[in-house]
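Take a look at the structure set out below.
Quick caveat: nothing in here was measured; it's all calculated off a predicted structure.
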Amino acid sequence: MSMIFLAALAVHSPLLLMKLPLKTYDANFHIFFASHYLHNWFDPWNPKWYAGFSQTTYPPVHQQWLALVSRIVGLDMAYMVIQFVAILLLALGVYRFSQLWVDRRAASIAALASVFLGSECFLVYSAGQLSTTFAAPLYLNALPYLYAWVRFGTWRSFLKAVVLFMAAAAAHNATLLFGSFLFALPVLALAFFDRGDGERVSTSGFVLRTAAFSLVASAAIAAVLLPFWIALIHYPVTQVPIPHPSRANYILSPEWGLNYFLIPYGALVLALPFIFLRGSSNARLRPLFLGFWLAFMIGLGGTTPVARIVLGRAFEVLTMERFSYWATLLALPFVGLLATELIDRFHTRAVIGLTMAATLTCALAVAWATYHPADAVDFNVDSTAAWLNRDGHDKYRYVTLGFGNKIARLAVLTDASSVDGEWNSGRMLPELTQHGAGALTSSKYFGKSGIDALNAILHHADRYGLKWVFLRDPYYEPLLVFAGWRKVDDLEDKTISVWSKEDVPPATPVNAPQIPPHWQGLLWGILPISSSILALLLALIPEKQWDQRRVVQPASSHETLALGRMIS
């Protein structure tokens, strides 16, 4: 593991030190949330987006860690530190998880492969999904403890599994509700099949231990995320679904197939025949294969009907790249097994071929963020923030047009409030929830729904104290003129214009009924971060029982020989 950590340091630290994730889709979104915790740790109400929204609608652990570390190195570098910790935890989690299925040598190679994993690089350097890349490693580290508890009944493993599950849930709700089952069910099936080996456990004992863990873990997660569940119950997500390209048919839309399939999988595509043949033929690997297969099919989005059938309405809410990420993690034990067999058979040629495949996979995913950036044009929002922060301009609300993902960066730099934002599940304004469009700043990309939402907000400016529009895209000028707005200033060498509407009253609270009570703010500021600290300490302690399992050993096979010829 020390060598693998050094490999992670060599590969990812230069990229993180260059702050490449700041150009991703969601990095500034997480930094925006963290900036609120930095200044208002126990106040979950954030007035800067949507005329006010509750941060209890998003699990907070990784963002709270950003806020803590930022007191030493600043918000931007804190993001890089937390992301690097998540990369290290992933390598450790893959190693421990893989040991449930394969021998230690194959598990080590699987952990090394996680450093170069295309889906990990895609989420880190293109999507910026820190919540997903932070939560998944915690689950991977928790699953061997779950196995040890169900198989051997060790209370220490029980405690570690519960705490790690609790911390992972406090990092990401989607990984809790969907990803954890894709990982946990194969492990429970493995423990059931292994129950007759070594320390025997009866079927009733297996069921009781599984039920005990499920009940205690569910209660712990419910307690840690209590404000989240309260917000979800009182204000369920009923807004019109917003389209996302990850739900497209990748055959009919090759660009999105490249973005959401080929880039995340990379050279792992070459291992798919081995995964299918070995996973379907080996009884002990079959639960892992079925978990991989389900995640793989859902990750294909609208290419097949599987995702829509399995997820139901959630298909219109979730984005599918996270399922591809989980599928690649489930595939890594197979990759370790395949690599071990190839090295035993082809020696140096296999090492060279595997090294080239891993390097190209990582390089392609990182380079893709440059050739397919989140924002095609980079610009500075400092002058816009300075304009809002002077002469009492922040007494009114604002909206931007043509700023793309920079709206989160702008919100960090100013105290002014906006009616726009990037956290769709947190918005309550009817003008936004009644149209199938995302951020107002990119309205034109959502077609009629986006323009209708923007028109509704502009015509209700008096209701929300909306006095300023910062325009960076001339496309919207006729719309502003028609809605009664006029140009009052220019910024950034006249690349950004400021528009205003007369007789708009100062902004006042409009979402007061949704403000969480003080006790929820206290729970939100104490329990999630405490669970993560305890979990990270427990994750460093190994379990001796893991070495007592019967794992799959590398073996010569016809599919290994064929794949070896392809790679070498």
Next on the checklist: So which atom in Leu182 and which in Ala295 form the shortest heavy-atom distance, rounded to 0.1 Å?
Outcome noted: CD1-CB, 3.9 Å

Item to check | Results of side chain to side chain contact (heavy atoms under 4.5 Å, CB included) for Val216 - residues two or more places apart only | outcome: Phe158, Val162

Item to check | Non-hydrogen atoms of Gly426 and Thr57 that approach each other most closely | outcome: CA-OG1, 4.1 Å

Next on the checklist: Gln520: which residues meet the side-chain hydrogen bond (donor to acceptor under 3.5 Å, both in side chains) condition with it, sequence neighbours left out?
Outcome noted: none

Cut-off 3.5 Å, no hydrogens considered: what does the side-chain donor-acceptor table look like for residues 80-95, sequence neighbours left out?
residue, atom, partner, partner atom, Å
Gln83, OE1, Thr133, OG1, 3.4
Gln83, NE2, Thr133, OG1, 3.3

Checklist entry - Would a distance-only check, ignoring hydrogens and angles, find a side-chain to backbone donor-acceptor pair under 3.5 Å from Gln239 to Asn424? => result yes

Checklist entry - Going by heavy atoms in the side chains, are Trp293 and Phe276 under 4.5 Å from each other? => result yes

Checklist entry - Does the side chain of Leu262 come within less than 4.5 Å of Leu364's, by heavy atoms? => result no

Item to check | Candidate pair Leu143 and Phe165, rule side-chain contact (heavy atoms from CB on, under 4.5 Å), full reasoning | outcome: CA-CA 9 Å; Leu143 293 170; Phe165 262 80; 4.0 Å; yes

Checklist entry - So how far is it from Trp65 CH2 to Ile529 CD1, rounded to the nearest 0.5 Å? => result 5.0 Å

Item to check | Over all atoms of both residues, closest heavy-atom pair of Ser70 and Ala78 | outcome: N-CB, 3.6 Å

Checklist entry - Just how far is it from atom CG of Asn405 to atom CG of Leu22, taken to the nearest 0.5 Å? => result 12.0 Å

Checklist entry - After noting the C-alpha distance and the side-chain angles of Phe53 and Met428, does the key distance pass the side-chain contact (heavy atoms from CB on, under 4.5 Å) rule? => result CA-CA 8 Å; Phe53 75 102; Met428 294 292 176; over 6 Å; no

Checklist entry - Do side-chain atoms of Arg209 reach the backbone of Arg151 as a donor and acceptor pair under 3.5 angstrom? => result yes

Checklist entry - Can you list the residues that meet the side-chain hydrogen bond (donor to acceptor under 3.5 Å, both in side chains) rule with Trp49, with sequence neighbours excluded? => result none

Checklist entry - Which heavy atom in Ala174 sits nearest to a heavy atom in Leu318, and how many Å separate them? => result CB-CD2, 4.1 Å

Checklist entry - Between CD1 of Ile221 and CG of Leu527, what distance do you get to the nearest 0.5 Å? => result 13.0 Å

Checklist entry - Residues two or more places apart in sequence or in another chain: which of them pass ring pair (Phe, Tyr, Trp, His ring centres under 6.0 Å) with Tyr79? => result none

Item to check | Phe292: ring pair (Phe, Tyr, Trp, His ring centres under 6.0 Å) partners, not counting sequence neighbours | outcome: Phe296

Next on the checklist: For Phe334, run the side-chain contact (heavy atoms from CB on, under 4.5 Å) check against Ile275, Asn282, Leu277, Leu272 and tell me which one passes.
Outcome noted: Ile275

Checklist entry - Run the side-chain contact (heavy atoms from CB on, under 4.5 Å) check on Leu311 and Phe323 step by step: do they pass? => result CA-CA 12 Å; Leu311 299 178; Phe323 288 94; 4.0 Å; yes

Item to check | Carboxylate-amine/guanidinium proximity below 4.0 Å for Arg427 and Glu422 | outcome: no

Checklist entry - Do Phe183 and Tyr139 make the cut of ring centroids closer than 6.0 angstrom? => result no

Item to check | 4.5 Å side-chain heavy-atom contact, Phe315 and Ile298 | outcome: no

Checklist entry - Quick check, are the ring centers of Trp524 and Trp41 under 6.0 angstrom apart? => result no

Checklist entry - By ring pair (Phe, Tyr, Trp, His ring centres under 6.0 Å), which residues pair with His172, not counting sequence neighbours? => result none

Checklist entry - Measuring from Asn46:CG to His36:NE2, what's the distance to the nearest 0.5 Å? => result 5.0 Å

Item to check | Rounded distance (nearest 0.5 Å) linking atom CG of Leu68 with atom CG of Leu38 | outcome: 9.0 Å

Next on the checklist: Can you list everything that forms a side-chain hydrogen bond (donor to acceptor under 3.5 Å, both in side chains) with Trp368? Sequence neighbours excluded, please.
Outcome noted: Asn259

Next on the checklist: Whether the side chain of Thr303 engages the backbone of Tyr250 through a donor-acceptor N/O pair (distance < 3.5 Å, no angle test) should be reported.
Outcome noted: yes

Next on the checklist: Using a 3.5 Å distance criterion without hydrogens, assess whether the side chain of Arg247 forms a donor-acceptor pair with backbone atoms of Gly302.
Outcome noted: no

Checklist entry - With side chains defined as the heavy atoms from C-beta onward, is the minimum distance between Ile109 and Leu337 less than 4.5 Å? => result no

Next on the checklist: Looking at Asn249 and Leu252, would you say the former's side chain and the latter's main chain have a donor-acceptor pair under 3.5 Å?
Outcome noted: yes

Next on the checklist: Go through it in stages, so that I can follow the logic: the residues are Tyr145 and Phe152, the test is ring pair (Phe, Tyr, Trp, His ring centres under 6.0 Å), and I'd like the CA-CA distance, side-chain angles, deciding distance and then a yes or no.
Outcome noted: CA-CA 10 Å; Tyr145 296 121; Phe152 309 110; over 10 Å; no

Item to check | Rounded distance (nearest 0.5 Å) linking atom CG of Leu338 with atom CG of Leu332 | outcome: 12.0 Å

Next on the checklist: If the condition is salt bridge (charged side-chain N to carboxylate O under 4.0 Å, His left out), which residues does Glu316 pass it with, not counting sequence neighbours?
Outcome noted: Arg308

Checklist entry - Can you tell me if Ser246 uses its side chain to pair, donor with acceptor, with the backbone of Met320 under 3.5 Å? => result yes

Next on the checklist: I want to check something: taking the side chain as every heavy atom from C-beta on, are Leu288 and Pro333 in contact at a cut-off of under 4.5 Å?
Outcome noted: yes

Item to check | Student check: side-chain heavy atoms of Trp326 and Thr175 closer than 4.5 Å | outcome: yes

Item to check | Min side-chain heavy-atom separation Phe178-Asn173 under 4.5 Å | outcome: no

Next on the checklist: Under 6.0 Å between ring centres: does that hold for Phe261 and Tyr265?
Outcome noted: yes

Item to check | Pairs meeting criterion side chain to side chain donor-acceptor pair (under 3.5 Å) with involvement of residues 113-132, two or more places apart | outcome: His12-Tyr125, Tyr58-Ser131, Ser119-Thr328, Glu120-Tyr325, Gln129-Thr132, Gln129-Glu321, Thr132-Arg322

Next on the checklist: Can you list everything that forms a side-chain hydrogen bond (donor to acceptor under 3.5 Å, both in side chains) with Thr56? Sequence neighbours excluded, please.
Outcome noted: Ser54

Next on the checklist: For Tyr260 versus Pro245, what's the shortest heavy-atom pair and its separation?
Outcome noted: OH-CG, 3.6 Å

Next on the checklist: So does Gln63 get a backbone contact from the side chain of His30, meaning a donor-acceptor N/O pair under 3.5 Å?
Outcome noted: no

Checklist entry - Between Trp149 and Thr154, is any side-chain donor less than 3.5 angstrom from a side-chain acceptor? => result no

Next on the checklist: If the condition is side chain to side chain contact (heavy atoms under 4.5 Å, CB included), which residues does Ala167 pass it with, not counting sequence neighbours?
Outcome noted: Leu138, Ser531, Ser532, Ala535

Checklist entry - Between Thr433 and Tyr50, is a side-chain contact (heavy atoms from CB on, under 4.5 Å) present by the stated rule, with each step listed? => result CA-CA 11 Å; Thr433 59; Tyr50 308 125; over 6 Å; no

Next on the checklist: Taking the ring centre of each residue, are Phe274 and Phe289 less than 6.0 Å apart?
Outcome noted: no

Item to check | Side chain proximity check, Arg284 to Asp194, heavy atoms < 4.5 angstrom | outcome: yes

Checklist outcome for this item: Between Leu75 and Leu66 the two heavy atoms that sit nearest each other are CD2-O, 4.5 Å

